[in-house]
Amino acid sequence: MPFPRMQSAVPRNVTPLDREAAPPSVADLVSMKVRFIAPMIVIYIFSYIGLTVLAGFAKTFLALKVVGSLNLGFLLIGANYVIAWVLALLYVRVANHRFDPMVERIATAKNTRELPS
Amino acid sequence: MSATLGIFAVILLLTLGITYWAARRTRTTSEFYAADSQLTASQNGFALAGDWCSAAAFLGFTGLTSLYGMDGAFYALGPLVAFCTVLFFVAEPLRNTGKYTLGDVILYRMQKRTSLLAAVCGTIVVNFAYLMPQMAGAGVLVKLLTGVPYNVAVIVVGGSMIIYVAFGGMLATTWVQIVKAVLMLTAAAIILLLSLSKVHFNPIILFDQAETRYGAKFLLPGNYLKNPLDQISLGMGYVFGLAGLPHVMTRFYTVPDAKTARRSVLWVMFLAGTFFVGTTLQGLSDRTRSGLPTRAAISPCPCSLSTLGEERGPWAGT
């Protein structure tokens with residue numbers, strides 16, 4: 001999966017004092033991203049591919065009537081639309097409020113370290 | 001007949017006008033390939049929706065649902081779910097590489113010239129497989145609606161597409177897509193509202209009508225994708241395949257930053273997603289209102305469906 005190839009932005013030879021005040025590293029960012037995104041991936045892949053498996057192998061289950069002639073299959077298709085929309089909104093929210101500020105902190109720290117002031 | 005020809009001419013002139021305007025504003029490479037990366041999230045979102053609300057989706061998903069019931073609804077659901085993959089994995093890194101084409105990005109990541117060749121081959125194969133049915137579909141539609149001969153229609157449509165892209169670059173392409181998305185969404189919304197008004201805006205009645213006329217089997221999977229593995233294969237193809245479509249991925253080079261890239265995905269997911277739900281309801285409505293015979297009677301001769309504007313099934317994946 002095309003995560004950008006990242007190296008830690010913190011140099012290896014930082015002193016303990018530096019490290020205490022050190023900004024979050026790229027590795028921290030990646031681990032936070034994985035922590036947030038992994039459950040989302042599991043949810044949408046499981047619910048969507050799971051539904052196609054049911055469509056292939058459990059037709060009688062999907063035939064259960066829910067309201068009038070609306071069966072469970074169409075209800076689950078509808079649910080998948082909602083899941084995709086909710087996950088997308090959640091992701092954009094988390095990315096704007098968590099990932100972006102962290103990226104900014106890493107970038108500023110990197111720039112100030114590289115430019116002698 | 002002449003009224004439709006007039007509308008066709010007006011839209012053609014409008015889009016060529018956009019191309020002329022865009023061509024005058026396009027000077028640098030970045031402007032040509034990426035509209036100078038200055039599009040807003042809503043502009044890029046509408047242009048992405050223009051990619052998706054294509055004739056294949058508008059007619060294909062609707063037609064598949066009215067012919068085969070639930071399998072058509074699966075075709076419509078796939079692209080929306082696939083945009084989760086694009087959003088989580090692809091959109092932002094693509095935008096952040098600051099390149100112009102999918103091949104550039106793959107070369108940048110792989111650092112091997114041969115990977116560029118692979119990307120080029122992929123692009124040509126995908127676009128060829130895409131353009132053939134789209135051009136054939138456009139030719140059939142133009143012929144059906146305006147009476148222009150098929151060959152002439154294909155040449156006019158193909159020629160104008162080349163002009164949009166070659167002269168107007170990404171700026172013209174984007175605005176033509178936006179015009180197309182607005183036209184498509186408006187048309188689909190009007191037709192759907194008219195259809196739903198016949199059932200007092202209660203979609204459950206559509207399902208009831210379909211079941212009474214064509215039996216419960218119509219509302220079950222497997223009428224079109226007969227082998228159970230076909231369903232799973234279709235799902236996998238959508239979830240992992242969409243992120244490799246060159247014409248969709250080029251849209252992410254046209255925005256200024258990652259934040260805008262992800263917001264434009266949100267736009268397309270709500271615009272196109274609503275549209276996809278609409279095609280399923282429209283398909284059910286068309287089926288019950290067109291008075292088609294049972295599926296067994298029509299399946300040997302799909303040509304009788306030309307009145308519905310139905311397309312051949314395998315092309316329907318937009």
Check your understanding: Does NE2 belonging to B/H200 count more than 12 external heavy atoms closer than 6.0 Å?
Key -> no
Point to revise | Toward chain A, the part of B/V277 with a non-hydrogen atom under 4.5 Å | key: both
Check your understanding: Any donor and acceptor pair, going by atom type alone, linking the side chain of B/D208 with main-chain N or O of A/G68 inside 3.5 Å?
Key -> no
Point to revise | Derivation and outcome, side-chain hydrogen bond (donor to acceptor under 3.5 Å, both in side chains), residues A/N96 and B/R263 | key: CA-CA 10 Å; A/N96 285 343; B/R263 277 182 47 222; over 6 Å; no
Exercise for review: Start with the C-alpha gap between B/L229 and A/F57, add the side-chain angles, then the distance that decides, and say whether side chain to side chain contact (heavy atoms under 4.5 Å, CB included) holds.
Suggested key: CA-CA 9 Å; B/L229 291 177; A/F57 295 99; 4.1 Å; yes
Review point. With a 4.5 Å limit on heavy-atom distance, are the side chains of B/I204 and A/S69 in contact?
Key: no
Exercise for review: Starting from the C-alpha separation in whole Å, work towards a yes-or-no answer on side chain to side chain contact (heavy atoms under 4.5 Å, CB included) for A/Y91 and B/V265.
Suggested key: CA-CA 11 Å; A/Y91 172 82; B/V265 178; over 6 Å; no
Exercise for review: Can you label the angle between the B/F270 ring and the A/W85 ring as parallel, tilted or perpendicular, going by 30° and 60°?
Suggested key: parallel
**Study point:** Contacting moiety of B/E92, where chain A heavy atoms sit under 4.5 Å
**Key:** side chain
Point to revise | Residue B/F83 versus chain A: region with a heavy atom under 4.5 Å | key: neither
Check your understanding: Out of curiosity, A/T52 OG1 to B/F74 CZ, how far, rounded to the nearest 0.5 Å?
Key -> 7.0 Å
Point to revise | Interatomic distance, A/L89 atom CG to B/L87 atom CG [nearest 0.5 angstrom] | key: 9.5 Å
Check your understanding: Of all of A/V53, A/V103, A/V92, which one pairs up most often with chain B through heavy atoms under 4.5 Å apart?
Key -> A/V92
Exercise for review: Decide yes or no for B/M70 and A/I77: does some side-chain heavy atom of the first lie under 4.5 Å from some side-chain heavy atom of the second?
Suggested key: yes
Study note, to complete from the structure: Cut-off 4.5 Å, heavy atoms of chain A, and the answer for B/L266 is side chain
**Study point:** For the student: nearest non-hydrogen atoms of A/K59 and B/P221, plus distance
**Key:** CE-O, 3.2 Å
Revision key, fill the gap. Turns out that what part of B/T280 lies under 4.5 Å from chain A's heavy atoms comes down to side chain
Check your understanding: Taking side chain as C-beta onward, heavy atoms only, is A/L70 less than 4.5 Å from B/L219?
Key -> no
**Study point:** Steps toward side chain to side chain contact (heavy atoms under 4.5 Å, CB included) verdict (B/E211, A/K65)
**Key:** CA-CA 11 Å; B/E211 181 171 316; A/K65 293 282 157 56; 3.1 Å; yes
Revision key, fill the gap. For A/G56 and B/P228, the nearest pair of non-hydrogen atoms, with its separation, is O-CB, 3.2 Å
Practice item. Pick one of side chain, backbone, both or neither for A/N71, based on which atoms fall under 4.5 Å of a heavy atom in chain B. Key: side chain
Check your understanding: If you measure from SG on B/C84 to CD1 on A/I43, what distance do you get to the nearest 0.5 Å?
Key -> 10.5 Å
Review point. Of the backbone (N, CA, C, O) and the side chain (C-beta and beyond), which part of A/I83 lies under 4.5 Å from a heavy atom of chain B, both, or neither?
Key: neither
**Study point:** Distance-only donor-acceptor check, side chains B/T85 and A/Y44, under 3.5 Å
**Key:** yes
Check your understanding: Roughly how far, to the nearest 0.5 Å, is NZ of B/K259 from CG of A/D100?
Key -> 4.5 Å
Revision key, fill the gap. When the 4.5 angstrom heavy-atom criterion is applied to B/A76 and chain A, the contacting part is both
Review point. Hey, which of B/G69, B/A258, B/G78 has the most heavy atom pairs under 4.5 Å with chain A?
Key: B/G78
Revision key, fill the gap. Honestly, the part of A/Y48 sitting under 4.5 Å from a heavy atom of chain B is side chain
Check your understanding: Non-hydrogen atoms of chain B under 4.5 Å away: do they reach the side chain of A/I45, the backbone, both or neither?
Key -> side chain
